[in-house]
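What's counted below: heavy atoms across the whole structure, side chains too, no hydrogens, waters or symmetry copies. By convention here, the first residue in the shown sequence is residue 1. Whatever order the structure lists ligands and atoms in, that order sets their numbers, starting from 1.
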Amino acid sequence: MKEKENILIVDDELGVRESFRMILQDKYNLFIHSEGEEALESVRKKRIDVALLDIRIPKMNGIELLQRIKKMDSDIQVVMVTGYATLDTAVEAMRLGAFDYLYKPFDPDKLEKVVREGIRRRKLGIKASGELKQLEIVKRDLNERLHKTHSSTVESLMAAVNAKDAYTSSHSEEVAKYTLFLVKELNLKLPPEEEEIFRYTCSLHDIGKIGVSERILRKKGKLNKKEWDEIRKHPEIGASILRPIKFLRKFNSMVLYHHERFDGKGYPEGRGNGEIPLWARILSVADSYHAMRSDRPYRPALDKERALAELKKGAGTQFDPEVVKAALKVFKEVEL
Ligand SMILES: [Fe+2]
């Protein structure tokens, strides 16, 4: 025999409770209460399918009871019942998850109809939440796979940079770290799903050096004009290497403009302050600071104090003064 559905009824009037009983008891298992706490006890113990809740019940009112029931099991289908209905309470109840509304005194046919609809929805709801869970698992799976694809793409690109110039590769990863310190200090918030892409792009900002001759990259002495011209192509080369990689497109301009200067005297386009994307202005400070703090073939590393003084000197000319302000604070504090 088909198992009967469980219906919860909460009403403080004995006469109304009896009407519910008479109309529904043959077809359903009824759990009838006059107040909220007892009703919640039934929800805790039984698998309730549909709840019929009077709005005006003592102690906990119907709206509060509706919320607590939905919190315990959001699939329970709730119908609000009242003799003092106002549109506002109805709207509020629907907003909080009730699916229908019944006026007292109610018509038995209408009551049965609304209970049947509740059961139908309960069945659909359970199915939907099952599908939802399935969907969530699929989504998580896809995200994990996507994450793996992303990180292996970045690893391959980093390996290519490393093969060309080990300094550029380790420098780039450090610059990513420095840039994130600045982003935090500047109170900028990246959406969580973009954080990783941002870090990847920072790590790959010098990828364009793949297109620059090793002789120039490793040269110990000063570079001549022609060599400088070649070096100065790396932001454009980098941006064009990364552009076809869809997931890295978001911060591509950071790669393209990381050698622009605040006063418009940088490269590749000589963009001024207002035209350089903020992310590129931040990366530029992190990049220069790390370069100053590193041993290079043509000079030894600068100590922290000197490097910070250089940043300060460049504020407003080479660098965005706001970013320098953040850098002076954060690079002084952390062990970099
Ligand atoms: Fe660069």
Trainee: Taking the N/O/S atoms of His234 one by one, which is nearest to the Fe ion (ligand 1)?
Mentor: NE2
Trainee: Quick check on side-chain contact (heavy atoms from CB on, under 4.5 Å): which of Ile55, Leu8, Asp54, Val10 does Leu65 satisfy it with?
Mentor: Val10
Trainee: Let me know which of Val115, Val114, Ile7 forms a side-chain contact (heavy atoms from CB on, under 4.5 Å) with Val79.
Mentor: Val114
Trainee: Can we say Glu117 and Arg120 salt-bridge, meaning some charged N sits less than 4.0 Å from an Asp/Glu carboxylate O?
Mentor: yes
Trainee: Would you say the Fe ion (ligand 1) has Asp206 as a near neighbour, meaning an N/O/S atom of that residue under 2.8 Å away?
Mentor: yes
Trainee: Without swapping roles, check the side chain of Asp12 against the backbone of Ile57 for a donor-acceptor pair under 3.5 Å.
Mentor: no
Trainee: Taking the Fe ion (ligand 1) as the vertex, what is the angle from NE2 of His258 to NE2 of His259, given to 10 degrees?
Mentor: 90°
